[in-house]
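Each chain gets a letter, A, B and so on, in the order its sequence line appears, and its residues count up from 1. The analysis underlying the following values was restricted to heavy atoms, covering all of them including side chains, and did not include hydrogens, waters or symmetry mates.
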Amino acid sequence: VIRERIVVAMSGGVDSSVAAALLVEAGCEAIGVTLHLAGDASRCCSLADADDARRVAERLGIPFYLANETERFRTEVTEPFADAYLAGRTPLPCLACNSRFKFRHLLARARVFGASAVATGHYARVDRDPETGGLRLRRAADRAKDQSYFLYELGQAQLAAARFPLGDLTKAEVRAHARRLGLGTAEKPESQEICFVPEGDYAAAVERLRPNALPGEGEIVDAAGRVLGRHGGIHRFTVGQRRGLGLASDRRLYVTRIDAARNRVVVGDAEALGARGARLGRVSWVAGAPPGGAVRAEVKVRYRHAGAPAAVEPLADGGARVLFDAPVAAVAPGQSAVFYAGEYVLGGGPIAEALA
Amino acid sequence: VERARAEVAALLGAEPEEVVFTAGATEANNTALEACRRAGGRPGSVATSAVEHPSVEAPLAALEAAGWRVVRVPVDAEGLLDPEAVVAALAPDTVLVTLLWGNNETGVLQPLERIAPRLRERGVPLHVDATQCVGKLGVDLRRLPVDLLSLSAHKLGGPKGVGCLVVRRGAPFAPLLLGGPQERRRRGGTENVPGIAGLGAACALALRELPERMRGFGALRDRLWEGIREKIPRARRNGSAERVLCNTVNVEFEGAAGEVLVQALDLEGIAVSTGAACASGSTHPSHVLAAMGRSPQAARSSLRFSVGHGVDERGIDRVLAVLPDLVARAREAEAS
């Protein structure tokens, strides 16, 4: 009997530990790999987490390797993250990391190992469209944990080689499974932070990554260009932010736009925060090609966004225009808009510009 | 313990009382440099090579931090020291020269037989880290004027975690571990008796088997390298092919990631290492290959193969059966 050889990405957390266990139970020949990404300062992906993963692999009786990808992670994830902040955008590095970085490099390594697929602990599902025969990216059964948002960039070839063993389970079931297996990671808390941003301090991370390219002080203005105050660097602000503006005003003011060219932070009231749409950069369509014309979809403009009904119109330049049925607050350039049709991810792309 | 001491001494051509047992070569190397640290007075200087093992490089860096001058003599593209350059590195305040004899990454052997007599003439003591050499090379301290010599048992088939420093009569010495009167007050602490017995047995065996071992290891290593050269394009040997340990070959597979190859070979039950076998997952490419003028990319594409007990022709042929395909796949992965 030839068992399917599968590389499983193990972070040391409960999800990927159970994903590995499920593969073993299903009779696969699993090979555990922990990506070592962000050096010692990092919270997740640290070498201590790698030790947890190694212990789980040992318990499951599978080979385990550490993949040192710190250099590629720096050039492909953390530095672009800092540069995006300096350009006035609000990047989501986990997105670049999950779909581009992790799958690409793990699949490359898997091929050398003679493995046919890469499994992860993501909560998402893949199935086949009975009409077209193409692969579809589907939300997880556990809606609260669904991570399909982070995976919209996976193309057909990558989906064909991706395995998400947790897609049909709830988090509670995953923890129960970990306890039943006696996995040491069963009660480990969730990692919520971006792994290379300790304490959630984005500005400090940008300052550490690009100490010589910081924008310096500038003006805080309203929509009409009136100067309301000064700021200590545009990389310290994100669209939708209310706190930490240091402005005395009787109105509630939010960051509505970051004008990197003029080193300005633009503020306005809640109403000014609403966007009627968004223009997206390079859009990735799960089916492999854009639809023939505009499609209706539920669009999430950030991971925790519930989604808003909209029309998505593919553009000739490979981007798309999203027009919401009703204005959506805090549409931040740099984040990604992901389109859903019911259970399925149609595609998505980075927000280039919010449309007023 | 005393029988083991005699067995170690017999293999090396030393006197039994010159053998100080340690917990391996790292402790032996640190102990060899301890005399500098304890010398008192003004800091002096130490000469060494640019391709040392971390267990020498790290204590040397500590000496530098304490005001010592450390002169690192460069090696050529083959990884070899020029004996004249070592002599030229000596200064009036040079209190010690410390050299790695057989390189742990490339297997390259420094021309010690030409360096040691020159240092003896100049009256400068010489410490040699012979960890890779003992048991794979005839070491005769009656003919080679070396003052201090480190070795580790597991490199010649003995147990891990034990080794020794040979302290020749008249060599500068200060104990690293202070404590009880063990090892003639040269190393405090209860002796690792089973480890020491194992080291002694390994030395006794090596003394008997050395010529046969060198022939056998050499033939297997050559079979491996000839096979690689024949079957795998763009494979380049790192370091001298003439002045090299009988059991080692270090090969660059251009365009392939060494780390991935090590893991893919491990899945096939074949154990090799990247040049810099750093357990912590450091990204720093090998300083040894860098000192030989190899690029960081070349260093990351390099693997060290060693043959030893339990490796036979069938094993070599199995490596040669799987390696070409793995290298081709690793190159594709890197290019994708």
Undergrad: Side chain, backbone, both or neither: which part of L107(A) has a heavy atom under 4.5 Å from chain B?
TA: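 No part of L107(A) comes within 4.5 Å of chain B.
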Undergrad: Run the salt-bridge test on R104(A) and E69(A) with the 4.0 Å N-O cut-off and return the result as yes or no.
TA: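 Salt bridge: no.
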Undergrad: So, E254(B) and R236(B), do they make that salt bridge, N to O below 4.0 Å?
TA: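 Looking at E254(B) and R236(B), the cut-off is not met.
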Undergrad: Contact between M10(A) and I62(A) at the side-chain level, heavy atoms closer than 4.5 Å - yes or no?
TA: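 M10(A) vs I62(A): side chains touch.
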Undergrad: Looking at side-chain heavy atoms only, is the closest gap between S336(A) and Y149(A) below 4.5 Å?
TA: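 Yes, their side chains come closer than 4.5 Å.
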Undergrad: May I ask you to decide if N250(B)'s main-chain N or O and R304(B)'s side chain share a donor-acceptor pair within less than 3.5 Å?
TA: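 No, because the side chain of R304(B) does not come within donor-acceptor range (under 3.5 Å) of the backbone of N250(B).
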Undergrad: So which residues of residues 53-62 of chain B are in contact with chain A at a heavy-atom cut-off of under 4.5 Å?
TA: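 Residues qualifying by a heavy atom under 4.5 Å from chain A are absent, so none.
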Undergrad: Do you know which of V260(B), L261(B), L267(B) has the most heavy-atom pairs under 4.5 Å to chain A?
TA: L267(B)
Undergrad: Is there a side-chain contact between L166(A) and V18(A) (heavy atoms, below 4.5 Å)?
TA: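 A side-chain contact under 4.5 Å exists here.
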Undergrad: Between R72(A) and chain B, which part of the residue has a heavy atom less than 4.5 Å away: side chain, backbone, both or neither?
TA: side chain
Undergrad: How about residues 315-336 of chain B versus chain A: which residues have heavy atoms under 4.5 Å apart?
TA: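 Within residues 315-336 of chain B, the residues under 4.5 Å from chain A are L326(B), R329(B), A330(B), A333(B), E334(B), S336(B).
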Undergrad: Out of R237(B), R300(B), R294(B), which residue meets the salt bridge (charged side-chain N to carboxylate O under 4.0 Å, His left out) rule with E252(B)?
TA: R294(B)
Undergrad: Check whether any side-chain heavy atom of H287(B) lies under 4.5 Å from a side-chain heavy atom of E105(B), and answer yes or no.
TA: yes
Undergrad: Judged by modelled atom types alone, do E34(B) and T31(B) share a side-chain donor-acceptor pair under 3.5 Å?
TA: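 Distance-only check fails for E34(B) and T31(B).
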Undergrad: With a 4.5 angstrom heavy-atom cut-off, which part of A67(A) approaches chain B: side chain, backbone, both or neither?
TA: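 For A67(A), the contact with chain B is made by backbone and side chain together.
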Undergrad: A quick test of your reading: do over 12 heavy atoms of other residues, nucleotides or ligands sit less than 6.0 Å from CD of E58(A)?
TA: no
Undergrad: In the structure I gave you, are the side-chain heavy atoms of L154(A) and V286(A) within less than 4.5 Å of one another anywhere?
TA: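 No, their side chains stay 4.5 Å or more apart.
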